Novice: 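Structure below; questions to follow.
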Amino acid sequence: MDKVKVEICCGTACYLLGAANMMNIEDQLPAEWRGKVEVEAKTCLELCEKENLGGAPYVRINGSEIMAQATPEKLLTRIGELVEGVA
Ligand code: FES
């Protein structure tokens, strides 16, 4: 299985609106998910301009799925669905 790729936007808007809380998301992964998830911090994904600022913070999952108003809880839930293969 390919790793779940998680790109957390660390542009100014996303960072200030909550991305900072997700920077340590890898530390919050259950042990059995470790090694199955790749987390990267990215510069502005340009969604704050193309979509809207109210959607920040943004996270991109597996290169195409966009999570708006991301929180550590939402992100962990989605990662879990993908790792467990239920969605
Ligand atoms: S700062 Fe996150 S999309 Fe622009």
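If you're wondering where the values come from, they're calculated on a predicted model, not measured in any experiment. The residues of the chain are indexed from 1 along the displayed sequence. Both counts, for ligands and for their atoms, begin at 1 and track the order of listing.
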Novice: Hey, does Y58 have a side-chain heavy atom less than 4.5 Å from the side chain of Q69?
Specialist: no

Novice: With the threshold set at 4.0 Å, does a side-chain nitrogen-carboxylate oxygen contact exist between E26 and R34?
Specialist: no

Novice: Look at the side chain of N62 and the backbone N and O of K5, then say whether any donor-acceptor pair between them is shorter than 3.5 Å.
Specialist: yes

Novice: Anything protein N/O/S under 2.8 Å from atom 2 (Fe) of ligand 1? Just list residue and atom, please.
Specialist: C9 SG, C14 SG

Novice: Distance from M22 atom CE to M67 atom CE, nearest 0.5 Å?
Specialist: 8.5 Å

Novice: Any non-hydrogen side-chain atom of T77 less than 4.5 Å from a side-chain atom of I79?
Specialist: no

Novice: Hey, any chance M23 and V37 share a hydrophobic cluster, counting ILVMFWY side chains that come within less than 4.5 Å of each other, even indirectly?
Specialist: yes

